[in-house]
Structure formats: C-alpha cells, structure tokens
Amino acid sequence: AALPGHSQLLGSLAHEIVGAVMTEKPSSPDAAAERADTLFAQTGPRLAAPLFLPGADAQRAESLQVARESAKLLARFLVEGWTVESVEGSYAGKAFETNLEGRMDLVLARGDARAVVDLKWGGAKYRRESLVGGTALQLATYAELLRQNGAPDVAVGYFILQTQALLSGDARLTLGSPTLSVGATPAQTWKTLAAAQQRSWNAVAQGQLTAPGALAAPVEETALNHDG
C-alpha cells in the first residue's frame with residue numbers, strides 16, 4: 001500500500017494530537033497548547049514517521065503549529081462552561097428500519113445541551129456551503145443520534161484544523177466568530193434525508209430504479225429541494 005501523502009499525514013497527525021489533548025480536558029487554552037507540544041514530540045514519530053525524516057522540517061512544523069493552535073482554540077469551549085463528553089466516541093441508534101451508528105470527533109456537554117464538533121483538515125468552502133444550504137447530512141445524522149441518546153438540544157459545527165475556523169449556524173459554537181445563516185436546522189436536514197430515503201424505497205418497491213449519478217444536480221441538493 002502506498003504511504004499517505006503529506007496533506008493526509010498533516011491532517012491525521014494534527015487530528016490525533018488535538019483529540020488526545022481534549023480527552024485530557026486541559027485546564028486552560030495555554031495548557032492545551034503546551035500539552036499539544038509534548039504529545040507531538042512523544043507520539044508524532046509513531047503516528048506519522050515520514051514527517052520526522054530529514055527534509056520534512058517544513059511540513060512537520062506546519063502540523064505542529066496546526067495542532068498547537070487548534071488545541072488552544074478548542075480548549076476555549078471548556079472556559080465557556082462546556083465539558084468534554086467524548087472524543088472519537090461511538091453512538092448508536094435506529095433509522096431507516098435498521099441500526100445506525102456514528103463515531104464523533106468531539107462531543108461537548110453543557111447542562112442538557114450537547115454539541116458535535118467535527119474536525120476537518122481543510123475544505124472550508126465546501127463545509128460552509130453545506131451548512132448554509134442545509135445539506136450537512138453527516139452533522140444532521142450525528143445530531144439525530146445524540147437526540148436518540150437523550151439529548152434534547154444539540155448544536156453542530158465543523159472545525160477546520162488548517163485555519164482554526166469554526167463553522168456553525170449556532171452561536172454557541174463559534175466562540176465570537178461570525179455565525180452562519182443556515183438553510184435548515186440539523187433536525188430539518190435529518191427530516192429531509194429521512195423523507196428522501198423513504199421516497200427512494202417506495203420507488204424501488206414499485207420497480208423503479210434510479211442512478212443518482214445521472215441527475216443534473218447533486219443528490220443532497222435534489223433531496224432538499226424536493227422536500228421544500
């Protein structure tokens with residue numbers, strides 16, 4: 001198997017370091033940054049050996065900077081009164097007449113509220129558009145799983161590691177950054193997804209098979225528009 005490219009290594013290493021720091025529930029943003037430095041030096045060579053070879057100084061420095069600044073910013077949630085419920089935690093539920101399970105990067109808790117922060121290396125433009133357009137299906141699915149596990153109030157958002165950008169339509173997750181004007185709440189997006197799935201199965205039951213790749217518009221957008 002081929003070794004992952006530099007971008008994938010950078011993202012994977014930063015993701016692992018940030019997750020490990022948040023698992024330890026740092027006492028402050030500065031403490032989180034310091035812990036990221038330590039974990040990077042201790043576990044980095046094992047997790048991403050190519051970044052620690054001669055000639056990879058620039059890439060290694062970039063990954064360290066991203067991990068350090070990301071851990072520092074995410075630790076601000078703890079200052080805001082959130083606690084870490086899980087890191088890379090699995091949540092199970094039911095949907096579409098079968099079992100549904102999701103593994104969530106970071107789940108925060110504050111009173112009855114829960115928040116899902118999904119960590120991504122890049123792709124800020126695409127993630128922002130999915131939230132604004134009401135087609136962030138992954139986050140909607142996570143919110144539904146948390147609801148089924150007893151959380152009546154769920155906020156969702158993306159955290160872009162490369163730029164430390166928080167993307168959410170919920171002001172509780174933006175830490176003072178601009179809050180996005182989203183096209184649908186997670187519950188509304190989930191309802192749209194469930195309705196689209198049901199329509200598809202109804203069509204199959206009637207002997208109609210459709211290849212989504214032949215549609216002029218993306219599947220997510222088509223499903224959303226169809227549901228109004």
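Here the structure is a predicted model, which means the values were calculated and not measured.
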Please check: side-chain N/O of Tyr142 versus main-chain N/O of Leu137, any donor-acceptor pairing under 3.5 Å?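 No; judged by distance alone, with no hydrogens or angles, the pair does not exist.
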
Under a 3.5 Å distance rule, please check whether Ser70 uses its side chain to pair with a backbone N or O of Ala67 as donor and acceptor.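 Checking the backbone N and O of Ala67 against the side chain of Ser70, no donor-acceptor pair under 3.5 Å is found.
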
Check whether any side-chain heavy atom of [X] lies under 4.5 Å from a side-chain heavy atom of [Y], and answer yes or no.
X	Y	result
Thr135	Thr189	no
Ile17	Thr43	yes
Tyr158	Arg128	no
Leu47	Ser12	no
Glu80	Arg110	yes
Trp121	Val66	yes
Met22	Leu74	yes
Glu88	His15	yes

Residue pair [X] / [Y]: nearest heavy atoms and the distance that separates them:
X	Y	result
Leu167	Ala124	CD1-O, 3.7 Å
Ala71	Val21	CB-CG1, 4.0 Å
Ala56	Pro50	CB-O, 3.5 Å
Ala33	Lys72	CB-CB, 4.1 Å
Arg68	Ala36	CA-CB, 3.9 Å
Pro152	Gly150	CD-O, 3.3 Å

Approximate separation, where rounding is to 0.5 Å, of [X] [atom1] and [Y] [atom2]:
X	Y	atom1	atom2	result
Gln162	Ser63	CD	OG	10.5 Å
Asp57	Glu62	CG	CD	13.0 Å
Gln188	Thr192	CD	OG1	7.5 Å
Met104	Leu139	CE	CG	10.0 Å
Ser200	Gln208	OG	CD	10.5 Å
Gln65	Gln164	CD	CD	7.5 Å

Are [Y] and [X] linked, directly or through intermediate hydrophobic residues, by side-chain heavy-atom contacts shorter than 4.5 Å (ILVMFWY only)?
X	Y	answer
Leu166	Val79	no
Trp201	Trp190	no
Leu146	Phe96	yes
Val154	Leu100	yes

Under 6.0 Å from the CG atom of Asp112, do we count more than 12 heavy atoms belonging to anything else shown?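 Check fails, neighbour count at 12 or below.
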
Worked check of salt bridge (charged side-chain N to carboxylate O under 4.0 Å, His left out) between Arg147 and Glu144: CA-CA 5 Å; Arg147 186 194 65 77; Glu144 171 64 15; 2.7 Å; yes

Using the six-membered ring wherever Trp is involved, compare the ring planes of Phe77 and Trp82 and label them parallel, tilted or perpendicular (cut-offs 30° and 60°).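 Judged by the thresholds at 30° and 60°, the geometry between Phe77 and Trp82 is perpendicular.
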
Evaluate Gln206 against Asn202 for side-chain hydrogen bond (donor to acceptor under 3.5 Å, both in side chains), listing each step before the verdict. CA-CA 6 Å; Gln206 296 171 12; Asn202 289 343; over 6 Å; no

Could you walk me through whether Asp170 and Val156 pass the side-chain contact (heavy atoms from CB on, under 4.5 Å) check? CA-CA 7 Å; Asp170 194 309; Val156 300; over 6 Å; no

Sole residue of Val18, Leu173, Asp105, Leu119 in side-chain contact (heavy atoms from CB on, under 4.5 Å) with Phe159: Leu119

Let's go through Glu101 and Ser90 carefully: what are the C-alpha distance in whole Å and the side-chain angles of both, what is the deciding distance for side-chain contact (heavy atoms from CB on, under 4.5 Å) to 0.1 Å, and is it a yes or a no? CA-CA 7 Å; Glu101 186 171 349; Ser90 293; 3.5 Å; yes

side-chain contact (heavy atoms from CB on, under 4.5 Å) assessment of Leu108 paired with Thr83: CA-CA 5 Å; Leu108 303 169; Thr83 60; over 6 Å; no

Checking side-chain contact (heavy atoms from CB on, under 4.5 Å) for the pair Leu106/Val87: CA distance, chi angles, key distance, verdict? CA-CA 5 Å; Leu106 176 63; Val87 175; 4.0 Å; yes

CA sep, side-chain torsions, deciding dist, call: Arg114, Asp153, salt bridge (charged side-chain N to carboxylate O under 4.0 Å, His left out): CA-CA 6 Å; Arg114 295 294 182 272; Asp153 177 16; over 6 Å; no

